[in-house]
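Just so we're on the same page: letters track the sequence lines, and every chain starts at 1. Every value quoted in this text rests on a predicted model; they were computed, and no experiment measured them.
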Amino acid sequence: MTARARPGRPPARPGASVALPAAFYARPVLEVAPALLGCVVRHGDAAGVIVETEAYHDSEPACHAHIGRTARTHVLFGPPGRAYVYRSYGIHALLNAVCEPEGVGAAVLIRALEPLAGLDGMRARRGLDDPAGLCSGPGKLTQALGIGMEGNATDLATGPIRIEPRLDGRLIEAPLVGPRIGITKAAELPWRFCAVSRSVSRPWPPGLRDRLGG
DNA sequence: CATGGGATTGACT
DNA sequence: GTCAATCCCATGC
C-alpha cells in the first residue's frame, strides 16, 4: 500500500518535529527520569541523545522546590513539560524538564548527552574535539548546545529547546541506577539513571565500565 | 542591603 | 587528590 499525497492533505514529513507532549511529563518524576534516557534534546542545529538523568522532587531537600514557591522555583511548580534552567556556581546553566502535575515542584535534571547532530557547532562552543567530552556533564551539554538562562520556563514541545522521543532502532538497556551527583542533602537516594554510554558524566556508576567493554 | 552557598568544570599539585 | 572562577538568589540583619 502506497501513501499518496492529496490536495489539502500534505503527506507527513519524515523527520518532522515530534516533540514529547506535556502529558509525558505529567507523572511521577521517578518514572519520567529513566523514560527520558534515549530521547533527544535539540536546540538550533545541535542535538544529542539523553544518556544520564536525575530526579528531583519537592519532598526531598536536594530539590530547589523544597523551600516552596519563590521567584526562582516558580517554574518548578508550574505546568509539566517546561524547561527549568538555572545557573550553577555562577558559571554553568543546567537544564531540567519540569514534571508532575501543576502544583507539584519536580523536575528531571539532564546530566549528559551523546552528541547526535551539529557536532561542529558543539566543538566550537566547547573548544574541544573529543565527542565523548562534548556533552558528558550537565554544564557541558548546555554549553555544547548553546542553551542559556533565556531558555528558562520555555515550553519543551514548542519552544527553542525541544525534547523528542527515542530514535527508531535505538534500544536503551536497563538503566544503571545510583545516588545523585554533587549534592549534600538527601545524597543517599538512588535517583540517578544512566544508559550504557561513554558520554555519561564522572564518576561513572558501578558496572558501566564493564558493560562498555563487553 | 550584605552575605553565603551551591544539582560544576578545568587547571593544577 | 585540591582549588578557584563567578552569579543568582535565599536568608538575615
Peer 1: Looking only at side-chain N and O atoms, does A:Y84 offer a donor or acceptor that is under 3.5 Å from a partner on A:H64?
Peer 2: yes
Peer 1: Classify the nucleic acid contact of A:R192 as base, sugar-phosphate or nothing, counting any heavy atom under 4.0 Å across all strands shown.
Peer 2: nothing
Peer 1: Just to be sure I understand the rule, does A:I91 reach a base, reach only the sugar-phosphate, or reach nothing, if contact means heavy atoms closer than 4.0 Å?
Peer 2: base
Peer 1: Within the structure shown, what part of the strands sits under 4.0 Å from A:R72 by heavy-atom distance: base, sugar-phosphate, or nothing?
Peer 2: sugar-phosphate
Peer 1: Would you tabulate the pairs of protein nitrogen or oxygen atoms and nucleotide nitrogen or oxygen atoms of nucleotides 11-13 of chain B closer than 3.5 angstrom?
Peer 2:
none

Peer 1: Among residues 130-150 of chain A, which contact DNA chain C at a heavy-atom distance under 4.0 Å?
Peer 2: none
Peer 1: Taking atom P of C:dA5 as reference, at what distance in whole Å does atom CZ of A:R87 sit?
Peer 2: 17 Å
Peer 1: Do NZ/NE/NH1/NH2 and the carboxylate oxygens of A:R180 and A:E54 come within less than 4.0 Å?
Peer 2: no
Peer 1: Which dot-bracket string fits DNA chain C when only Watson-Crick or G-U wobble pairs with both atom distances under 3.5 Å count, crossing pairs get [ ], and | stands for a partner on a different strand?
Peer 2: |||||.||||||.
Peer 1: Tell me whether A:Y56 is stacked on the nucleobase of B:dA7, counting only the six-membered base ring and applying the 5.5 Å and 30° thresholds.
Peer 2: yes
Peer 1: State whether a side-chain donor-acceptor pair under 3.5 Å links A:R126 with A:Q143.
Peer 2: yes
Peer 1: Looking at A:E100 and A:R27, is there a salt bridge between them, counting it only when a charged N and a carboxylate O are closer than 4.0 Å?
Peer 2: no
Peer 1: Kindly say whether, by distance alone, the side chain of A:Y89 makes a donor-acceptor pair under 3.5 Å with the base of C:dA5?
Peer 2: no
Peer 1: Taking the same atom, C1', in B:dA7 and in C:dG1, what whole-Å distance lies between them?
Peer 2: 23 Å
